[in-house]
Amino acid sequence: MKEWTIQLIGWMRKYYFHLGVGALIAIRCFHLGSEIDSPHDWRQCDTAHYIRDFYRNGIDLFHPAVCWMGSSDTVALEFPLPEAIVALSYCITGESIPAARLIFMCFFIGAVIYFHKIVRLVFGHLLANLSTLVYLVLPLSIYYSRAIHIDFFVIFLTHVIAYYYLKGIDERRWVYILVSSVVMGLACMVKIPYVFIWILPLGYFTIRQKAIPWILKWSIFYIIPLIAFVLWQKHAFLINNSSPDLSYILGYHKMLPSPGWYFGTLAQRLALYSWWILLNRGIFEIVGAGGLIYFMISVLRCKATRAFIFLIYWFLGLILYVMIFFNLNLVHNYYQIPFLAPIAVFLAFGIKQVQTFNVRLNLLVLAIMIIVNVGYAEKNYFKTTEDEIEIAALIQQHTPGHALVAVTYNKMDCRNPKILYRADRRGWSIQELALKASVIKKLQQEQGAQFWAYVGQQPGSEMSDYLFSLAKPQIFPLKHTGASLFLFNLEEH
C-alpha cells in the first residue's frame with residue numbers, strides 16, 4: 001500500500017467523527033429548495049410570512065404580521081426572534097427560501113454543538129461523539145433541521161441553557177448561571193414548554209453535585225426568564241385581543257390563550273388511539289426503524305450508573321411534558337423534537353455495547369440505520385402541495401400586489417396561510433362549510449376585501465343571488481384538482 005494511502009487512512013481514522021458529522025449534515029443539502037414542503041407546511045408558511053414582512057416593512061419584534069387577517073394582520077404568538085434573524089440575512093441574499101433554510105440549519109447545528117457539549121460533560125467523550133452522529137440521522141432531525149421552522153432555534157437555546165447550568169453547577173461559577181438565565185428568558189418568550197423539560201434532569205444533577213445551597217444563592221437570576229415570559233404574554237394578549245371581530249367566519253376566534261389547545265382533555269389521554277399515534281411517531285420518527293435494534297440492546301444492557309440516572313430523569317421530564325402539553329404533542333409531530341436528544345444518547349449506549357463485541361458488525365448495523373432512517377424521511381417527508389402552489393400562482397398573476405383576497409378551498413380554515421402566503425397576498429381563508437354570501441359581503445364592506453377566489457366545480461346554489469350581483473369571474477381550469485379557480489372581483493358589479 002502506498003504511503004499516501006496509509007496516511008489518508010490514518011487521517012480518516014483520526015477525524016472520523018468530524019467527517020461523519022460533515023457528511024450527515026450535508027445530506028440535508030438535497031432539500032434546500034424554494035418551495036415550502038410538508039409535513040406542517042401550514043406552520044412553515046406562517047413563519048416564512050413573518051420573515052418576509054420583517055424584510056419588507058422593517059423588523060418590529062412586538063408586531064409580527066400574518067397573511068390571513070387581511071389588513072389587520074398583527075398577531076403575536078411566539079416571540080419572533082428567529083424570524084427576525086433570518087430577515088436580516090435577506091439584506092444580503094434578498095428574499096430566498098433556500099437562504100432561510102441555511103439559517104435555520106445554522107440554528108440546528110448550534111443545537112447539535114451544545115448537545116455534544118452536554119453529553120460530553122455528563123456522559124464522557126465517546127458517548128458524546130456517538131450520540132451526536134445518531135442525532136443527525138433521526139428522521140425528525142433530518143426533516144426539521146432545514147425546514148422554515150423555529151423549533152430547532154428553541155432547542156438550540158435550551159441546550160445552551162442546560163449546558164451552562166450544568167457547567168455552572170459543576171465548577172461553582174455564577175457567571176455560567178447568569179448566561180443560562182438570560183438565554184432562558186429568550187427561550188421562554190419563544191416556546192416555554194421546551195424549557196420545562198429540563199427541570200428534572202437539571203434538578204437531579206444539582207442534588208447529585210450537592211449544590212442546592214450554592215444554587216439558591218444565585219437563583220435570583222431566574223427571575224429574568226419569569227419576567228420576560230410574563231411581559232411577552234401580557235403584550236401578546238393586548239395585541240391579539242385588539243384584533244377585529246371576525247366571528248362570522250366559521251372557526252374564527254381571537255388568538256388568546258386557550259388551555260384546551262395547549263393541554264388537551266382527559267378524554268384524549270384516555271383514548272388508545274392517541275397513544276397509538278404517539279407510539280408510531282416514537283418508533284418511526286424519533287427512534288427511527290433503523291435504530292430499534294440499538295434501542296433494544298440499550299434496554300437489555302443498561303446499568304443504573306449516575307450518568308444513566310441523569311438520562312432517566314431527562315426522559316421523566318419529557319414524559320411529564322407530554323402529559324401536560326398533551327394536545328400539542330398529539331396534533332404536531334414537531335413537538336416530539338425534544339425527544340431526539342435523549343433518544344440519541346440512549347441509542348449510543350447500544351452502539352457502545354455492540355462496539356465492544358464486534359466492530360465490523362457495529363459498522364454494518366450503523367450503515368443500515370442510516371439508510372433506513374434516511375429512506376423513511378425521503379418517503380414520508382419533503383412533499384409539496386402542487387394544487388395549492390398552482391392556485392396561489394394564478395391568484396398572484398391575476399390580482400394586484402396590494403389586493404386583499406378571500407380564499408375558499410375545501411376545508412382550508414380561517415387561520416390557514418398556505419395559499420395566501422404562496423400567492424404573496426394578504427386576506428382570509430374561508431372553508432367551504434363556512435361559505436355564505438353574508439361572510440363575503442362583510443369582508444368586503446368591513447375589512448376591504450377586493451377579490452374572492454373560489455376553488456371547486458361551481459359555488460353553491462345558496463350563493464347564486466349574491467353572485468348574480470357581481471361581474472362574471474375569471475375562470476381557470478386547474479391541472480392538479482380537476483376543479484377550477486373562480487376569481488371574482490368584488491369591486492366590479
Side-chain angles (χ1 to χ4, degrees), residues 39-40 42-44 46-48 50-51 54 61 64 76-89 100-118 135-136 138 140-166 179-202 222 224-226 228-233 236 261-262 285-286 314 317-318 320-322 324-325 327-329 331-344:
H40 294 291
W42 175 325
R43 183 66 179 84
Q44 294 181 70
D46 256 345
T47 301
Y50 273 24
I51 296 165
F54 280 159
L61 291 170
L77 299 170
E78 293 118 346
F79 186 61
L81 180 59
E83 293 93 334
I85 294 170
V86 179
L88 287 174
S89 76
R101 291 190 190 282
L102 288 172
I103 301 300
F104 281 107
M105 272 184 64
C106 288
F107 299 149
F108 169 72
I109 291 168
V112 171
I113 290 169
Y114 274 90
F115 168 66
H116 184 272
K117 287 175 176 286
I118 291 167
Y135 193 93
L136 292 168
L138 299 179
L140 281 182
S141 89
I142 293 171
Y143 176 71
Y144 283 109
S145 58
R146 32 63 63 204
I148 309 301
H149 202 273
I150 67 169
D151 282 49
F152 269 114
F153 175 80
V154 189
I155 295 296
F156 173 31
L157 295 184
T158 59
H159 287 177
V160 172
I161 293 163
Y163 174 70
Y164 283 108
Y165 181 90
L166 293 168
V179 171
S180 174
S181 64
V182 171
V183 177
M184 185 182 286
L186 295 174
C188 286
M189 288 195 293
V190 182
K191 190 166 273 193
I192 197 170
Y194 289 3
V195 179
F196 173 83
I197 291 161
W198 283 96
I199 292 174
L200 289 183
L202 296 186
Y222 289 97
I224 296 170
L226 181 63
F229 175 72
V230 169
L231 289 177
W232 175 253
Q233 290 301 311
W261 176 246
Y262 290 107
E285 299 191 84
I286 301 171
W314 199 347
L318 282 159
L320 198 57
Y321 151 79
V322 171
I324 293 173
F325 302 101
N327 190 61
L328 292 177
N329 276 278
V331 173
H332 306 108
N333 67 351
Y334 54 81
Y335 272 90
Q336 279 87 69
I337 287 175
F339 277 86
L340 299 178
I343 282 293

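Note: hydrogens, waters and symmetry copies are ignored here, and every other heavy atom, side chains too, is used.
Of all the heavy atoms in V154 and A187, the pair that sits closest is CG1-O, 4.5 Å. Considering all non-hydrogen atoms of both residues, F229 and C188 come closest at CD1-O, 3.3 Å. Considering every non-hydrogen atom in both I142 and L136, the closest pair reads CG1-O, 3.8 Å. Between G110 and F156 the shortest heavy-atom distance is C-CD1, 3.3 Å. Closest heavy-atom contact between I150 and R43: CD1-NH2, 3.5 Å. Taking every heavy atom of both residues into account, A341 and H159 meet most closely at CB-NE2, 4.1 Å.
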(message) Pair S180, Y222 - check side-chain hydrogen bond (donor to acceptor under 3.5 Å, both in side chains), show working.
(response) CA-CA 9 Å; S180 174; Y222 289 97; 3.3 Å; yes

(message) L166 vs L202, test: side chain to side chain contact (heavy atoms under 4.5 Å, CB included). Steps then yes/no.
(response) CA-CA 7 Å; L166 293 168; L202 296 186; 3.7 Å; yes

(message) L328 vs W261, test: side chain to side chain contact (heavy atoms under 4.5 Å, CB included). Steps then yes/no.
(response) CA-CA 7 Å; L328 292 177; W261 176 246; 3.6 Å; yes

(request) Tell me, with the steps shown, if L157 and Y194 meet side chain to side chain contact (heavy atoms under 4.5 Å, CB included). (result) CA-CA 9 Å; L157 295 184; Y194 289 3; over 6 Å; no

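Using a distance-only test at 3.5 Å, with no hydrogens or angles considered, no donor-acceptor pair links the side chain of R146 to the main chain of M105. The main-chain N or O of L77 is found under 3.5 Å from a side-chain atom of W232 such that the two form a donor-acceptor pair. Distance alone, capped at 3.5 Å, places no donor-acceptor pair between the E83 side chain and the T47 backbone.
How far CG of L102 is from CZ of F107: 11.5 Å, rounded to the nearest 0.5 Å. Atoms CZ and CD, from F79 and Q233 in turn, are 12.0 Å apart once rounded to the nearest 0.5 Å. One distance of note links CZ of R101 with SG of C106; it measures 14.0 Å at 0.5 Å rounding. For the atom pair CD1 (I51) and CG (L88), the distance works out to 11.0 Å, reported to the nearest 0.5 Å. In this structure, L186 CG and S181 OG are separated by 10.5 Å, a value rounded to the nearest 0.5 Å. With rounding to the nearest 0.5 Å, the separation of CD1 in I113 from OH in Y163 is 12.0 Å.
Using cut-offs of 30° and 60° on the angle between ring planes, the pair Y50 and F54 is tilted. In this pair, F108 and Y135 present their aromatic rings parallel. The plane angle is below 30°, not in the 30 to 60° band. Using a 30° and 60° split on the angle between ring planes, H332 and H40 fall in the tilted class, from 30° to 60°.
Looking at E285 and Y143, their side chains never come closer than 4.5 Å, going by heavy atoms from C-beta outward. Side-chain contact between P342 and L318 is present, with heavy atoms from C-beta onward closer than 4.5 Å. No side-chain heavy atom of I199 sits less than 4.5 Å from a side-chain heavy atom of L320. In this structure the side chain of L140 never reaches within 4.5 angstrom of the side chain of F339, judged on heavy atoms. Between T158 and W198 the shortest side-chain heavy-atom distance falls below 4.5 Å. Two residues are said to be in side-chain contact when any heavy atoms from C-beta on lie closer than 4.5 Å; Y334 and F152 fail this criterion. Using a 4.5 Å heavy-atom cutoff, the side chains of L340 and I337 are in contact. Using a 4.5 Å heavy-atom cutoff, the side chains of F115 and I155 are not in contact.
Both cation-pi conditions hold for K191 and Y335: the charged atom is under 6.0 angstrom from the six-membered ring centre and inside a 45 degree cone around its axis.
With sequence neighbours left out, K117 forms a salt bridge (charged side-chain N to carboxylate O under 4.0 Å, His left out) with no residue at all.
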